[in-house]
Amino acid sequence: MKRRTALPMLLLSAMLLGCSGGDAADAFRIQGTVTHQGKPVPIGSIIFQPDGSKGNSGAYGSAAIKDGQFDTRNNGQPMVGGPHLVIVEAFDGVDPNPDFAPYGKSLGESYQEAFELPEEDTTLNIELTDRKRQAK
């Protein structure tokens with residue numbers, strides 16, 4: 001289980017390193033919260049992948065999740081607006097093992113959901129348990 005958790009994080013990190021660029025004028029800030037069973041996710045990552053199947057393209061957006069908060073302008077990368085697949089990896093941060101589980105135990109399978117993100121700075125709140133979300 002722990003090995004399965006480390007691999008997706010490694011792949012997402014590698015993907016982000018290869019997906020940079022784009023016009024900064026077309027990039028927007030997205031910030032918000034990620035909770036699991038009503039509590040802030042201790043640590044994780046969030047990826048904003050433009051949905052090519054719906055005609056959207058551009059650089060991926062990303063952000064680290066810390067204490068339930070994320071912001072693409074703080075330790076992340078702004079993103080383009082439009083249809084996106086949002087991917088979240090969430091961990092408990094307890095008893096990290098640098099070899100197999102550097103962020104602790106996974107809080108479940110990777111979360112992925114389609115979102116229509118506005119072409120402006122925005123806030124997105126995600127609850128991982130019941131997949132409810134609210135964009136402002």
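Every value quoted in this text rests on a predicted model; they were computed, and no experiment measured them. Note that the numbering runs from 1 along the sequence shown for the chain. Basis for what follows: all heavy atoms, side chains included, without hydrogens, waters or symmetry-related copies.
- Between the side chains of Ser110 and Glu89, at least one donor N or O lies within less than 3.5 Å of an accepting N or O.
- The shortest non-hydrogen separation linking Gly82 to Glu119 is N-CG, 4.4 Å.
- Side-chain atoms of Asp92 do not come within 3.5 Å of backbone N or O of Gly104 as any donor-acceptor pair.
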- Query: side-chain contact (heavy atoms from CB on, under 4.5 Å) between Asp121 and Arg73: does it pass, once the steps are laid out?
  - Reply: CA-CA 11 Å; Asp121 292 352; Arg73 295 254 171 95; 3.8 Å; yes
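- Between the NE2 atom in His36 and the CD1 atom in Ile126 there is a gap of 13.0 Å [rounded to 0.5 Å].
- Hydrophobic cluster membership differs between Leu85 and Val88, with clusters built from Ile, Leu, Val, Met, Phe, Trp and Tyr side chains linked at under 4.5 angstrom.
- Of all non-hydrogen atoms in Glu113 and Tyr111, the two that sit nearest each other are OE1-OH, 2.7 Å.
- Between the CD1 atom of Ile43 and the CZ atom of Phe91 there is a distance of 8.5 Å, given to the nearest 0.5 Å.
- Under the 4.5 Å side-chain criterion, counting only non-hydrogen atoms from C-beta, Leu128 is not in contact with Thr35.
- Rounded to the nearest 0.5 angstrom, Thr33 OG1 and Glu127 CD are separated by 9.0 Å.
- By the side chain to side chain contact (heavy atoms under 4.5 Å, CB included) test, Pro42 is found to be paired with Leu107, residues two or more places apart in sequence or in another chain being considered.
- Legend: residues meeting side chain to side chain donor-acceptor pair (under 3.5 Å) with Asp51, ordered by chain and number and at least two apart, are Ser53.
- The stretch residues 28-45 participates, sequence neighbours left out, in these salt bridge (Lys or Arg N to Asp or Glu O under 4.0 Å) pairs: Arg29-Asp71.
- The aromatic rings of His84 and Phe48 sit perpendicular to each other, their planes meeting at more than 60°, with 30° as the lower class boundary.
- In terms of heavy atoms, Pro50 sits closest to Ala59 at CG-O, 3.7 Å.
- Taken to the nearest 0.5 Å, the OH atom of Tyr60 stands 7.0 Å off from the CD1 atom of Ile87.
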- Given side-chain contact (heavy atoms from CB on, under 4.5 Å), test Gln31 with Thr123 step by step and report yes or no. CA-CA 5 Å; Gln31 62 183 343; Thr123 299; 3.9 Å; yes
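- The two residues Val41 and Ile65 make their nearest non-hydrogen contact at O-CG2, 3.9 Å.
- Annotation: the span from Phe28 atom CZ to Leu117 atom CG amounts to 10.5 Å, rounded to 0.5 Å.
- Note on residues 76-87: no pairs pass salt bridge (Lys or Arg N to Asp or Glu O under 4.0 Å), not counting sequence neighbours.
- Remark: the backbone N or O of Ile30 is paired with a side-chain donor or acceptor of Thr72 at under 3.5 angstrom.
- Atom OG of residue Ser45 and atom CZ of residue Phe70 lie 11.5 Å apart, to the nearest 0.5 angstrom.
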